[in-house]
Amino acid sequence: MRYLPLTPDDRQQMLGVIGAKSIDDLFVDVPEAARIDKAFDLPPHQGELEVERALSAMANKNTAAGSVPFFVGAGAYKHHVPATVDHLIQRSEFLTSYTPYQPEISQGTLQYLFEFQTQVALLTGMDVANASMYDGSTACGEAVQMAHRVTRRNKAVLSGNLHPHYRAVIETTSKFAGDAVVALDADVSGGEDIASQIDGETSCVVVQYPDFFGRVADLSAIAAAAHAEGALLIVAIPEIVSMGALKTPGDMGADIVVAEGQSIGNALNYGGPYVGLFATRQKYVRQMPGRLCGETQVVDGKRGYVLTLSTREQHIRREKATSNICTNSGLCCLAFTIHLALLGEQGFTRLAALNHESACKLAGALEKVSGVELLTPAFFNEFTIRTPKPAADVIEALADKGILGGVPASRLMPGNEAVNDLIVVAATEVNTDQDRAAYAAALTEVLS
Amino acid sequence: MSTKTTFTGHRGLVYEEPLIFERSRDGACGVDLPEPEGVASRLGGMERQGGVGLPGLSEPEVMRHFVRLSQKNYSIDAGFYPLGSCTMKHNPRLNEKMARLPGFSDVHPLQPQSTVPGALELMSELARWLMDLTGMPAVAMSPKAGAHGELCGLMAIRSALEARGEADTRTRVLVPESAHGTNPATAAACGFTVDAIPATEDGRVDLAAFEAKLGPDVAGIMLTNPNTCGLFERDIRKIADAVHDAGGYFYCDGANFNAIVGRVKPGDLGVDAMHINLHKTFSTPHGGGGPGAGPVVLSDALAPFAPLPYVTSTGGELRLVEDEQSSDADPFGRMVAFHGQMGMFVRALSYMMSHGSDGLRQVAEDAVLNANYVLASLKDVMTASFEGPCMHEALFDDRFLKGTGVETLDFAKAMIDEGYHPMTVYFPLVVHGAMLIEPTETESKETLDNFIACMADLAKSAKAGDKTRFENAPELTPRRRLDETTAARKPVLRWTPPAPAQAAE
């Protein structure tokens, strides 16, 4: 077997040193009834060629985003990732190292984490950020738990236009932790009145920006309403590229900002691995979940980096930790950091502008299709349309024509009749004029 | 080491590298994007105020920056990494190649299911391998890492108790003192109280103490097996039976599955739920701290409560069940957006198929053989905490350093100067100054022999009173010991632009 260096001779010699007759002697502590003497009902080992053939056959059954006009978003977005990113993250020293427990031989990882934390703070307009969570949805769940610790209350108020998966993660976590959740109904009109739901028992208000339907709206009034009752404002950003164009949550009074970082540096990967961004105000830093990298010095005065404030974490605090998280999204953070370093100020803001422009052009084309109504007047790179036929059927019909035209809202909000005719449509820099024209033409056909 | 100072601050191949923010120049950019055409904005007056503050660098500068950073990291590819409990084994690049096939990497979690049959097939095939290898009837695929898997298992347990009407009374979870910190943290996050079980002198759960703690308020036990001392819990069947008889469930922390894969099915041990760290046993790369993946296998008692989403088969056709309305089971909820760590699933399946049923059994045997070889070779040099045989990792403590003035941390730092990544130190908590060595199966006898010789030499130095070899270590690294106390006392967690220079007086 190509991954196993020991030869039969090695094994014999080593057993001799140990003083064991056979390998079975080393498994004596296993109860006899649980020992397995034969191979499993699974195929035997295979060479690279055979494995590659089998897995490629599976992969080839899927429609890759890059092979068709592609407009699917709702929490994960198709962007171009520069070749440099994937080259660098596959360097052995990044790919095959672990959590930087020994800082003297992990300065590479620690320095990029410090750079990552700085980038995330800048993007969100917040003071500090951690070294990542699993993804945007789990970061959102952790943010609610953190707000409960900060406020010593346990009721979260969720906007109805929060991504339904994010909402489900919060509801699941809260159910087991014994916390209260008030979730509003989805409202594509933008008329949600969340401020009236906030009271003296509310720990936090969770809103999405841009919201699930793509709508962009000012959050300052919600922040003020939350603060007036001593509650925190948590803002979830599913598309971090939007921060190159939009006013930041930090500017609008957010206390905790979580985001899905997949759009920068990371592939779609059918849903994971992604990278959760988590940022907050300096005063709440000791209540944060997850790892934090900090700057410090060596005895000789040189600057260096270490994992810090570990007394918040499970390996020290055990059942009193701020979170149970251990492994996070290290390599996805690195991809994010590298891609954003390549983009820089100029590239990032331009990327955002191109995304917005792509979506504006698409919205312009789709709203001309007979029977289609654009429901989100202000948006970034994603918007919602109403179609005269059930959205799920329209999306399937478009897929049959080779166009992946978005997400029917009913897929994420099953049972909600009010959203059956809504499609959430995303456009990014990867879409061409031909893609957009093809979508409009196909939609016209499907609806005629 | 030479104390020569250099003009640049670099030392040969070891470069001093500033932060990207300190290399920034206005006008530099690492991408060429077309100029926007100037379509009228529909941002609704919500434009960002002012700049973001990101640095500008060209592509070659970015490349050099990150290559230089990489050179400051230790890695499995470069050297032996016996970090106990983490299973730092070889990461085959075939797995990376497979994960990057566009049919896996470039598919969106919400594109129509009809366009991703191969993705569902992969998830289903990996699930089949995991269930077969563990002898368990169900698996929840979505947890994102080991600790997330623990949470999944405890949520399933809580849900099963709820269904029995006992969620309010069964609130206590038993956790051995030697457990990973994630276990008690998870139990607490799930609303349970934690009750620690002491260990016996031979490093296992104290059966009598455990049985004395059982009662009508016990929800279950969280037990790592093989345990964090690297030992198989001999009484595991008795523990499982006792917890079941008392009305509780058995959560097994599967972090150490590498020791028994192909030789023992956890299902035969009475386990109700166990997470599998794909980034340990099934070699998806650790990536500097993630991403991981933590699928959880479940017993018949817990399977109905598995979280959304899951793949099911009707008439031979695979379908992803994403919501309660379409589920005919009783899912406890959803732990994450979308469907789990697909990229890690591909890598893990590629690894499993490469090894096959026969190779995976050999994995466990070689992992255990290597650890016992280290234990046998070092037990007279260092102090082994427990008699062998051990499983996949060998635990030592600091008794051999007694009176030398050298502590476990110093010993670990001296190993760095010798070119090794230290073992896990000060964990588990049940022995003093713990040193937990996990060689894994992908190390050769030659590597182990060299390591053993080095450890013997270090131990000899310590006993001979050569304190400087330890106290000053590491001396040959890009950075020497860092001031962690100040880092925690006055945290600096981000770069901030230097204040404008004061006018000279």
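Order of the sequence lines sets the chain letters (A, B, ...), proteins ahead of strands, with each chain counted from 1. Values reported hereafter were calculated over all heavy atoms of this structure, with side chains retained and with hydrogens, waters and symmetry mates removed.
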Atom pair CD (A/E52) and CG (B/L101), whose distance is rounded to the nearest 0.5 Å: 7.0 Å
Supply the atom-to-atom distance B/Q111 CD to A/K78 NZ, rounded to the nearest 0.5 angstrom. 10.5 Å
Cation over ring face, B/R494 and A/F114, 6.0 Å, 45°: no
Does any heavy atom of chain B fall under 4.5 Å from the side chain of A/M1, the backbone, both, or neither of them? side chain
Indicate yes or no: does B/R48 engage A/D251 in a salt bridge with an N to O separation below 4.0 Å. no
Ranking B/S114, B/C190, B/G56, B/G388 by heavy-atom pairs under 4.5 Å to chain A gives rank one to B/C190
Let me confirm one number: the OG1-CZ distance from B/T186 to A/R318, rounded to the nearest 0.5 Å. 11.0 Å
Once salt bridge (Lys or Arg N to Asp or Glu O under 4.0 Å) is applied, do any residues pair with A/R317, and if so which ones, sequence neighbours excluded? none
Looking at B/E37 and A/K361, is there a salt bridge between them, counting it only when a charged N and a carboxylate O are closer than 4.0 Å? yes
Under a 4.5 Å heavy-atom cut-off, does chain A meet the side chain of B/I416, its backbone, both or neither? side chain
Once you round to the nearest 0.5 Å, how far does OG1 of B/T182 lie from NE2 of A/H315? 11.5 Å
To the nearest 0.5 Å, atom OG1 of A/T109 lies from atom CG of B/N73 at 3.5 Å
Can you say whether A/I18 sits under 4.5 Å from chain B via the side chain, the backbone, both, or neither, judging by heavy atoms? both
Comparing B/M335, B/R263, B/H90, B/E96 against chain A, the one with the most heavy-atom pairs below 4.5 Å turns out to be B/R263
Residues A/S97 and B/Y74: closest non-hydrogen pair is CB-O, 3.2 Å
Ring geometry between B/H148 and A/Y134 (parallel below 30°, tilted from 30 to 60°, perpendicular above 60°): tilted
Contacts of A/R11 that satisfy salt bridge (Lys or Arg N to Asp or Glu O under 4.0 Å) - sequence neighbours left out: B/D366
Out of B/D483, B/V52, B/V116, return the one with the most heavy atom pairs under 4.5 angstrom to chain A. B/V52
Please state whether the side chain, the backbone, both or neither of A/E295 comes within less than 4.5 Å of a heavy atom of chain B. both
Distance (rounded to the nearest 0.5 Å) between A/T96 OG1 and B/N91 CG: 6.0 Å
Is it true that B/D323 and A/R411 have a side-chain N and a carboxylate O under 4.0 angstrom from each other? no
Test of ring centre spacing under 6.0 Å for B/F338 and A/Y270: no
Find the one option among A/L122, A/V306, A/V216, A/V299 whose heavy-atom pairs under 4.5 Å with chain B are most numerous. A/L122
Winner by heavy-atom pair count (cut-off under 4.5 Å) against chain B, out of A/A121, A/A65, A/A74: A/A65
Which of parallel (below 30°), tilted (30 to 60°) and perpendicular (above 60°) describes A/Y98 and B/H279? tilted
Tell me whether B/K413 is salt-bridged to A/E104, with the criterion being a basic N under 4.0 Å from an acidic carboxylate O. yes
Taking the six-membered ring for Trp, are A/F70 and B/H108 parallel (under 30°), tilted (30 to 60°) or perpendicular (over 60°)? tilted
